[in-house]
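Index from 1, following the sequence. Counting starts at 1 for both ligands and their atoms, in listed order.
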Amino acid sequence: MEISRKNKVVEFFKNYWMYVSVGVTILIIAIVVGVVAGSQNALQTGNTNLEFALPMNNATIIKDYSSTELQENPTLNQWEAHLSIDFTSENSDVFAVLDGTVSSVSYDILNGNVVEITHENGFVSRYCSLAENPDVKEGDKVVAGQKIGSASSTATGEIDLGEHLHFTLYLNDSPVDPNNYLDLQNK
Ligand SMILES: [Zn+2]
């Protein structure tokens, strides 16, 4: 009985080995494709499990992110997309939103003093209109919530907004809406 059952199994594989091996091959390909697609997807969308800190405490959004609706910039007298969020707060402290490395500290007349931090998973955060002499320099390692500078009015491109932080979040070199990553409802 046992032997004949074994024989039946052997017989089955003899007759259908090609179908079985094709089936196994398809299964392996499907698993590999699934894993590769999954990891690419994670890279493209970023790991949304990352814990973002807020760039300012008890901040008010004075100009929100908008990619499609143009907003007036009275300083430059033009209508433009605002791919950033402008924050003000009673306390001008500005904090890193994620762990990372300061990739640049710079100044230009439109954006004022700018700190850029490169994070894991393709994220870069950029803090414009900071006061002179930010608390960090290029190459510094920072952690989420660490103070990096103070909001100011050095961005002459938005001088009408007064002292504020112009915050931009990039994912894979493109600006993304910080509302989708930062917990701005509980700021
Ligand atoms: Zn702005």
In terms of relative ring orientation, are F52 and Y181 parallel, tilted or perpendicular, with 30° and 60° separating the classes? tilted
The Zn ion (ligand 1) contact by H82, N, O or S atom under 2.8 Å: yes
Between E158 and H82, is there a side-chain donor-acceptor contact under 3.5 Å, judged purely by atom types and distance? yes
Looking at H166, the N, O or S atom sitting nearest the Zn ion (ligand 1) is ND1
Does the ring centre of Y127 sit less than 6.0 Å away from the ring centre of F167? yes
The Zn ion (ligand 1) to nearest N/O/S of H164 below 2.8 Å: no
Before moving on, can you tell me the angle at the Zn ion (ligand 1) between the OE2 atom of E158 and the OD1 atom of D86, to the nearest 10 degrees? 140°
Side chains of V142 and V102: does their closest heavy-atom pair fall under 4.5 Å? yes
